[in-house]
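Report on the structure given below.
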Amino acid sequence: HLARVVNACQADLVYFDGCETGSRPGQWPVSWYYVNRLLPACCAKFDHGVIVHTSEGPGRQLAWHLVPRSASADGHGDLKGYLDQRMAGILQMRRTFTAADIGWYALDIHGRPDELEYVCAKALATDSSISVQAHKFLLETHPRAREVLEMIARWERRRLTGDVTAATRAKLLAKGRDFRLLEGGDAWSLWEAEYEADRPAGKWSVTNGRAHPVRVALEIQREAMAMTPETHAEASDLFDFDGFGDASDPGLVAHAQIGERKLRGEGLALRGVKARFDGATFSADNTTNGAGWCTTGKRLDPPLDLTAAKAVAFRVRGDGHGETLALLLADANGRRARFNVTVDFTGWRLKSFPLRGSIDWSRIEYVLFELSHIPPRARIAVGIESVRTVDALHEPEPYRGLTITLGKRTVRIPVPLESNRCLTIDALGRGVDWPGGMAEGRPIAVKGGPLVLKPGENWLEIRVDADRYFGDVFVRVCRTWPLSD
């Protein structure tokens, strides 16, 4: 039956999920026997070339010749840390003549290009492929889709040409170290990199702890803003925070439960995660060695009618640990709209989102907050306040441009900066304006060449040229220097 569907659609790829089922101690014969019969039987009936992927590598299975890959490092939570944990298995696959495929990773709207570049560096070091998934709408709307895929292509070119020395590949295996690959014509170069957390546009000090000057790469992004701080201040709160974390409400549990999540203490949480909701602070203590999560919320009586609302916004006080905070609004039938915030910042920020989703907006009965991707052995605390809606979306005008001042050097970037747009400057001093989606980046002239940090303290200032600035431009600094062979 499966082969008939695949053949009729002329599908290029089939993914067999759940192949690890039964692989636990005492259950292995179930997986060994049935998986090893299922895969060859299906593939024998395909009438054209089909790429086969499974959820678990077949290094211990008879079907290895059908799926020559293993050691999948799932792209959840701390991508870099989780890949480091799985690297021993990936290297073992190389020693047993089975190529690793490192995946599946998602083109995450909240992710950073350096997360996938970290994966690409390790894939080059081990001669592994990587797999990244995205749907058509995301490719068309992700502000950095083209940038990310061009970056992956650069690493794949070097992997396939085989012109990176064994000594350099060994250096790329270093755990916790970031690298960037740059190309210019037929030339290419590898750079070590250190990233800082993003900051609002303004003035701050950047320290170069090395004994020699290093280059600076910048990522300057204008966030999508569905609601301005002024309209948010004028709106009213949708609810108060009394009653959050009351696990006695069975309806709340039913709407918050996902998969194997069980009731723990004052809310829902992974075993080993202790969660608390005190006032408007959602905190958690992850005592496990993996990424943790927890959920809390309450039932609204009477339900909210949000049919006239166009956007929702709330203020978040970040702790800079990189976890994900999600606001979930659920209707009476359990359908939910989800709004994610990556907490890679400190202090208060306003986060706003257009209201989308096929749920009954006339009867919102539950509101929930979820913390996920909590780092291992971490204690986090996130502030939440002023959840509000407005009946008109903010339609921002483009900013006229930017001025970058580093020490005594000033660079004017006269490129209109639209909402949900990103500008980058790399270690070679090349600027690119990324229009978003799969549109090709447009070069930006950066007079004076690369930006350079002298040893010690340096002052960097990013000024936005606009009649009215909404505080929606954020900057990420990368200190970078050539990787020596």
Handout entry: Cationic N near anionic O, under 4.0 Å, Glu183 to Arg158
Key = yes

Problem - Salt bridge flag under 4.0 Å for residues Arg338 and Glu370 - result: yes

Problem - Exercise: do Ser189 and Trp191 side chains pair donor with acceptor under 3.5 Å - result: yes

Problem - Contact check, side chains of Leu451 and Leu218, non-hydrogen atoms, under 4.5 Å - result: yes

Handout entry: Electrostatic pair Glu440-Arg442, nearest N-O below 4.0 angstrom
Key = no

Exercise for the section: Kindly confirm or rule out a cation-pi arrangement of Arg222 over Tyr399, judged by NZ or CZ under 6.0 Å from the six-membered ring centre and within 45° of its axis? Expected result: yes

Exercise for the section: Heavy atoms only: give me the nearest Thr231-Val390 pair and the separation to one decimal. Expected result: O-CG1, 4.1 Å

Handout entry: Check: Leu417 and Val415 side chains under 4.5 Å, non-hydrogen atoms
Key = no

Practice task
Mind checking the CG-CD1 spacing from Leu325 to Ile384? Nearest 0.5 Å is all I need.
Solution key: 4.5 Å

Handout entry: Salt-bridge contact Glu223-Lys351 (side-chain N to carboxylate O under 4.0 Å)
Key = yes

Handout entry: Pairing of Glu219 and Arg144 as salt bridge, 4.0 angstrom limit
Key = yes

Completion exercise
Scanning both residues in full, the closest heavy-atom pair of Leu406 with Val452 reads CD2-O, 3.3 Å

Handout entry: Side-chain heavy atoms of Asn286 within contact of Arg377, under 4.5 Å
Key = no

Problem - Donor-acceptor contact below 3.5 Å, side chain Glu150 vs main chain Glu147 - result: no

Exercise for the section: Any chance you could measure Leu453, atom CG, to Thr207, atom OG1, to the nearest 0.5 Å? Expected result: 9.0 Å

Fill in the blank from the handout: d(Asp114 CG, Asp178 CG) to nearest 0.5 Å is 5.5 Å

Exercise for the section: Walk me through it: do Val214 and Glu194 pass the test side chain to side chain contact (heavy atoms under 4.5 Å, CB included)? Expected result: CA-CA 11 Å; Val214 300; Glu194 292 177 348; over 6 Å; no

Problem - Within 6.0 Å of CG in Asp12, more than 12 heavy atoms from elsewhere - result: no

Handout entry: Side chain proximity check, Lys454 to Pro213, heavy atoms < 4.5 angstrom
Key = no

Practice task
Answer yes or no: does atom CD of Glu395 have more than 12 heavy-atom neighbours from other residues, nucleotides or ligands under 6.0 Å?
Solution key: no

Exercise for the section: Could you tell me whether a side-chain N or O of Thr161 sits under 3.5 Å from a main-chain N or O of Arg157, the two making a donor and an acceptor? Expected result: yes

Problem - Within 45° cone of Trp481 ring axis and under 6.0 Å: Arg210 NZ or CZ - result: yes

Exercise for the section: May I ask you to test the Leu355-Lys310 pair for a side-chain heavy-atom distance under 4.5 Å? Expected result: no

Handout entry: Nearest non-hydrogen partners of Gly176 and Tyr118, listed with the distance
Key = N-OH, 2.8 Å

Practice task
Indicate yes or no for a side-chain donor-acceptor contact from Lys171 to the backbone of Ala125 under 3.5 Å, with no hydrogens or angles considered.
Solution key: no

Problem - Main-chain N/O of Thr307 paired to Asp305 side chain as donor or acceptor, under 3.5 Å - result: yes

Problem - Glu234/Arg388 salt bridge by N-O under 4.0 Å criterion - result: no

Practice task
Determine the interplanar angle of the His135 and Phe137 rings, folded into 0 to 90°, and report it as parallel if under 30°, tilted if 30 to 60°, perpendicular if over 60°.
Solution key: parallel

Practice task
List the steps and the verdict of side chain to side chain contact (heavy atoms under 4.5 Å, CB included) for Asn333 and Asp360.
Solution key: CA-CA 8 Å; Asn333 295 317; Asp360 185 0; 5.5 Å; no

Handout entry: Under 3.5 Å donor-acceptor, Glu365 side chain and Leu329 backbone
Key = no

Problem - Note: Asp84-Lys122 ion pair, threshold 4.0 Å (strictly below) - result: no

Exercise for the section: Mind checking the OG-CD spacing from Ser419 to Gln221? Nearest 0.5 Å is all I need. Expected result: 9.5 Å

Fill in the blank from the handout: Note: Ala121 and Phe179 closest approach over all heavy atoms is CB-CD1, 4.4 Å

Handout entry: Asp344 and Thr342: side chain donor to acceptor below 3.5 Å
Key = no

Handout entry: Ring centroid separation Phe470 to His394 under 6.0 Å
Key = yes

Problem - N/O donor-acceptor pair under 3.5 Å between His232 side chain and Thr389 backbone - result: no

Practice task
Answer yes or no: is there a donor N or O on one side and an acceptor on the other, between the side chain of Ser283 and the main chain of Ala381, under 3.5 Å?
Solution key: no

Problem - 4.5 Å side-chain heavy-atom contact, Asp198 and Val475 - result: no

Exercise for the section: Report yes if the side chains of Val216 and Pro450 come closer than 4.5 Å at any heavy-atom pair, otherwise no. Expected result: no

Exercise for the section: For the pair Ile90 and Ser128, evaluate side chain to side chain contact (heavy atoms under 4.5 Å, CB included) and give the outcome as yes or no after the intermediate values. Expected result: CA-CA 8 Å; Ile90 293 173; Ser128 303; 3.9 Å; yes

Problem - Heavy-atom closest pair, residues Gly437 and Ala145 - result: O-CB, 3.5 Å

Problem - Ionic contact status for Arg154 with Glu156, cut-off 4.0 Å - result: no

Practice task
Compare every heavy atom of Ala313 with every heavy atom of Leu350, then report the nearest pair and how far apart it is.
Solution key: CD1-CB, 4.0 Å

Handout entry: Under 3.5 Å: donor-acceptor pair, side chain of Thr480, backbone of Glu192
Key = yes

Practice task
Salt-bridge test for Asp127 and Arg159: reply yes if a basic N is under 4.0 Å from a carboxylate O, no otherwise.
Solution key: yes

Practice task
Find the distance between OG1 (Thr324) and CG (Leu371) and round it off to the nearest 0.5 Å.
Solution key: 9.0 Å

Exercise for the section: Examine Phe369 together with Phe282 and report whether their ring centres are nearer than 6.0 Å. Expected result: no

Exercise for the section: Go through the steps for Val316 and Trp348 under the test side chain to side chain contact (heavy atoms under 4.5 Å, CB included), then give the verdict. Expected result: CA-CA 5 Å; Val316 180; Trp348 287 98; 5.5 Å; no

Exercise for the section: Report yes if some heavy atom in the side chain of Trp459 is under 4.5 Å from a heavy atom in the side chain of Lys203; otherwise report no. Expected result: yes

Fill in the blank from the handout: To the nearest 0.5 Å, atom CG of Asp331 lies from atom CD1 of Ile359 at 5.5 Å

Handout entry: Residues Arg476 and Glu196 bridged, charged N to O under 4.0 Å
Key = no

Exercise for the section: Decide salt bridge (Lys or Arg N to Asp or Glu O under 4.0 Å) for Arg468 and Glu230; before the verdict, give the C-alpha distance in whole Å, the side-chain angles of both, and the deciding distance to 0.1 Å. Expected result: CA-CA 12 Å; Arg468 189 181 183 194; Glu230 290 82 1; 3.5 Å; yes

Exercise for the section: State whether Asp472 and Arg349 are salt-bridged, where the test is any N-O pair (Lys NZ or Arg NE/NH1/NH2 against Asp/Glu carboxylate O) under 4.0 Å. Expected result: no

Exercise for the section: Using a strict cut-off of less than 4.0 Å between a Lys/Arg side-chain nitrogen and an Asp/Glu carboxylate oxygen, indicate whether Asp433 and Arg421 qualify as a salt bridge. Expected result: yes

Exercise for the section: Inspect the contact between Asp285 and Arg379 and indicate whether a charged nitrogen and a carboxylate oxygen are less than 4.0 angstrom apart. Expected result: yes

Exercise for the section: Inspect the contact between Arg180 and Asp426 and indicate whether a charged nitrogen and a carboxylate oxygen are less than 4.0 angstrom apart. Expected result: no

